[in-house]
Amino acid sequence: MTISKERKAELVAEFGDNPQDSGNPKAQVAIMSARIRELTEHMKAHPKDFHTRRGLLMIVGRRRRLLSYIKKRDINEYRELIAKLGIRDNIQ
């Protein structure tokens, strides 16, 4: 239920400032979004897996905090990121 090294490297290369910049908030949000998609599919097949549910909710919360940080720093960068990732704008 984790993303592969190759997929993570692709996301970092696409959203980071350089291909090794995995600490960039945009790259972290992209990686978390990929994990959220995978865990959501797992939860559809296994609705009683409460341990995975808790992990999913924790990742969603962490992504939300990073998105609010990006939004405070640069609103245009935030809008571009959510458009690329297909995330709804629900950050206050």
Side-chain angles (χ1 to χ4, degrees):
M1 285 190 292
T2 61
I3 60 175
S4 66
K5 286 183 181 182
E6 294 81 17
R7 178 69 180 138
K8 187 184 260 189
E10 289 172 10
L11 291 170
V12 170
E14 182 179 351
F15 291 97
D17 291 335
N18 61 47
Q20 290 82 29
D21 191 13
S22 62
N24 188 320
K26 293 189 299 185
Q28 289 183 3
V29 167
I31 292 167
M32 285 181 207
S33 296
R35 287 187 64 199
I36 288 169
R37 283 189 196 96
E38 285 188 10
L39 289 175
T40 302
E41 291 303 314
H42 172 80
M43 289 302 297
K44 287 178 184 175
H46 303 92
K48 293 186 179 181
D49 187 356
F50 295 107
H51 296 287
T52 301
R53 178 180 164 82
R54 180 175 187 269
L56 174 62
L57 292 174
M58 290 172 64
I59 295 170
V60 169
R62 193 176 317 142
R63 182 181 74 173
R64 182 182 170 95
R65 287 190 299 272
L66 276 172
L67 283 171
S68 67
Y69 167 74
I70 293 170
K71 187 174 184 177
K72 280 186 241 177
R73 261 191 30 211
D74 187 3
I75 190 73
N76 293 326
E77 181 179 335
Y78 169 78
R79 288 183 182 145
E80 290 173 13
L81 179 63
I82 62 171
K84 272 187 181 178
L85 293 173
I87 301 173
R88 288 179 291 162
D89 182 16
N90 57 358
I91 306 297
Q92 305 302 331

In sequence, state the C-alpha distance, the side-chain angles, and the governing distance for Val29 and Phe15, and then conclude on side chain to side chain contact (heavy atoms under 4.5 Å, CB included). CA-CA 9 Å; Val29 167; Phe15 291 97; over 6 Å; no
Exercise: identify the closest heavy-atom pair between [X] and [Y]:
X     : Y     : answer
Glu38 : Thr2  : OE1-O, 3.5 Å
Ile87 : Ser33 : CD1-OG, 3.6 Å
Ala30 : Leu11 : O-CD1, 3.8 Å
Pro25 : Arg73 : CG-NH1, 4.1 Å

Rounded to the nearest 0.5 Å, how far apart are [atom1] of [X] and [atom2] of [Y]?
X     : Y     : atom1 : atom2 : value
Gln28 : Arg65 : CD    : CZ    : 11.5 Å
Leu39 : Lys44 : CG    : NZ    : 12.5 Å
Met32 : Ile3  : CE    : CD1   : 10.5 Å
Leu81 : Asn76 : CG    : CG    : 12.5 Å
Ile31 : Leu66 : CD1   : CG    : 10.5 Å

Between His42 and Leu56, is any pair of side-chain heavy atoms under 4.5 Å apart? no
Would you mind reporting whether Arg63 and Ile36 have side-chain heavy atoms less than 4.5 Å apart? yes
Using the side chain to side chain contact (heavy atoms under 4.5 Å, CB included) criterion, which residues pair with Asn24? Sequence neighbours excluded. Asp17, Asp21, Lys26, Ala27
Could you tell me whether Glu10 and Arg7 make a salt bridge, using a distance below 4.0 angstrom between a side-chain N and a carboxylate O? yes
Give me each pair satisfying side chain to side chain donor-acceptor pair (under 3.5 Å) with a member in residues 77-89, each pair once, sequence neighbours excluded. Tyr78-Asp89
Common cluster, Met43/Phe50, ILVMFWY with side-chain heavy-atom separation under 4.5 Å: no
Hydrophobic clustering (ILVMFWY, side-chain heavy atoms < 4.5 Å, transitive) - are Ile59 and Tyr69 grouped together? yes
